[in-house]
2 protein chains.
Amino acid sequence: MFSIGQLSKRTGVKIPTIRYYEQMGLIDAPERSEGNQRRYTKDGLSRLSFIRHSRELGFSVEDIRGLLNLSQHPEKPCHDAHSIAAQHLKDVQTRIAKLRRLERELKRITQCDADNVADCAVIETLADHGLCETEH
Amino acid sequence: MFSIGQLSKRTGVKIPTIRYYEQMGLIDAPERSEGNQRRYTKDGLSRLSFIRHSRELGFSVEDIRGLLNLSQHPEKPCHDAHSIAAQHLKDVQTRIAKLRRLERELKRITQCDADNVADCAVIETLADHGLCETEH
DNA sequence: TCTTGAAGCTATAGCTACTAGAGACATTAT
DNA sequence: ATAATGTCTCTAGTAGCTATAGCTTCAAGA
Ligand SMILES: [Zn+2]
Ligand SMILES: [Zn+2]
Ligand SMILES: [Zn+2]
Ligand SMILES: [Zn+2]
């Protein structure tokens with residue numbers, strides 16, 4: 001049996017976050033001590049580790065809800081898990097592409113060699129998208 | 001003079017967002033019509049365009065506040081603008097790097113050829129970071 | 001056994017940058 | 001004059017937490 005603090009240390013999930021996940025229904029409300037404090041089992045620990053790792057890989061809480069559900073049914077086919085992961089991968093790739101366009105634009109505008117605001121490339125570009133090379 | 005709807009159409013910023021920016025102090029409260037509706041000038045238009053474009057380039061509202069302030073003082077040196085932009089570029093690059101690590105990991109785990117959850121690489125990896133190739 | 005300090009409890013509010021809705025009033029066009 | 005569209009304020013909701021306040025419980029040392 002772990003206290004919430006011990007669970008937090010073992011998983012790296014902060015205490016208020018654990019309580020938040022409970023409220024969101026991502027983890028079951030655990031048993032309580034006589035004094036009303038949460039007491040977790042190993043099952044609770046592994047479930048929370050799963051959540052933590054999924055969050056680190058960028059899955060949304062809703063995705064994780066689905067993935068957790070699946071993981072409780074080992075006999076089911078896993079294409080639902082694949083489609084969640086594939087969609088997430090796609091989202092990540094879209095975000096990367098967007099950020100790379102931003103990066104290019106930002107690199108360009110920070111090449112300003114003026115020394116006052118009146119001629120500053122940063123300010124000028126922000127005021128006029130026509131000076132940009134790409135859409136965003 | 002533009003109504004808020006006209007301003008919205010010209011800048012691409014949605015009406016509630018315009019009101020939100022006003023509340024946040026990013027744009028000045030404009031004059032009102034006799035019936036209490038907002039009436040904007042060309043100045044308001046260009047200020048909002050500046051904000052829109054800065055947001056599209058990913059600057060935070062706080063950054064934009066600083067950049068707008070600078071843009072009102074053309075005689076000032078522009079290194080403050082540069083450092084805001086440079087810091088933002090750095091943040092963007094950090095995020096790109098993180099997302100690329102995610103992308104690599106997600107590509108790997110979606111190569112699952114099992115057909116049920118018990119042997120699914122997606123689920124297994126989420127349950128155990130030890131199966132990952134990189135940190136995150 | 002008593003005491004003290006750390007840890008835990010609930011409830012509420014705040015963060016970013018908006019977005020959506022309700023219900024009332026203003027403007028514009030026919 | 002009437003109808004359609006636009007705008008007003010206010011409130012609450014989004015994601016995923018994080019922080020605070022004021023309280024209670026637990027564990028260990030004297
Ligand atoms: Zn400059
Ligand atoms: Zn641009
Ligand atoms: Zn699989
Ligand atoms: Zn991992």
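- Contact check, B:T17 against C:dA17: no side-chain N or O comes under 4.0 Å of OP1 or OP2.
- A straight line from OH of B:Y21 to C1' of C:dT16 spans 11 Å, rounded to a whole angstrom.
- A heavy atom lying under 4.0 Å from DNA chain D marks none of the residues of residues 80-105 of chain B.
- B:Q23 places its CD atom 13 Å from the C1' atom of D:dA12, with the value rounded to the nearest Å.
- Rounded to a whole Å, the CD1 atom of B:I27 is 12 Å from the P atom of C:dC18.
- Rounded to a whole Å, the CD atom of A:E22 is 9 Å from the P atom of C:dC9.
- Applying a 4.0 Å cut-off to non-hydrogen atoms, none of the residues of residues 46-69 of chain A approaches DNA chain C.
- As a whole-Å value, the separation of B:M24 CE from C:dG14 P is 12 Å.
- A donor-acceptor distance shorter than 3.5 angstrom exists from the side chain of B:Q6 to the backbone of B:S3, with no hydrogens or angles considered.
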Assign a letter to each nucleotide of nucleotides 20-29 of chain D from its 5' end: B, base within under 4.0 Å of a protein heavy atom; S, sugar-phosphate only; -, no contact.
-----SS---
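- Each salt bridge (Lys or Arg N to Asp or Glu O under 4.0 Å) pair with one or both residues in residues 36-49 of chain A, not counting sequence neighbours, appears once here: A:E22-A:R38.
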Compile the donor-acceptor pairs under 3.5 Å between side chains in residues 122-132 of chain B and protein atoms, sequence neighbours left out, one pair per line.
residue : atom : partner : partner atom : Å
B:T125  : OG1  : B:A121  : O            : 2.7
B:D128  : OD1  : B:G130  : N            : 2.8
B:H129  : ND1  : A:H53   : NE2          : 3.2
B:H129  : ND1  : B:H136  : NE2          : 3.2
B:H129  : NE2  : B:E135  : OE1          : 3.1
B:H129  : NE2  : B:E135  : OE2          : 3.2

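- Counted by atom type alone, A:T134 and A:E105 present one or more donor-acceptor pairs between their side chains at under 3.5 Å.
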Can I get a per-line list of side-chain donor-acceptor pairs under 3.5 Å for residues 11-19 of chain A, giving both atom names and the distance, sequence neighbours left out?
residue : atom : partner : partner atom : Å
A:T11   : OG1  : A:L7    : O            : 2.8
A:T11   : OG1  : A:V13   : N            : 3.2

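- Judged by closest nucleotide on DNA chain D, B:I4 is the one of B:I4 and A:K14 placed further toward the 5' end.
- Between the side chain of B:R65 and the backbone N or O of B:M24, at least one donor-acceptor pair lies under 3.5 Å.
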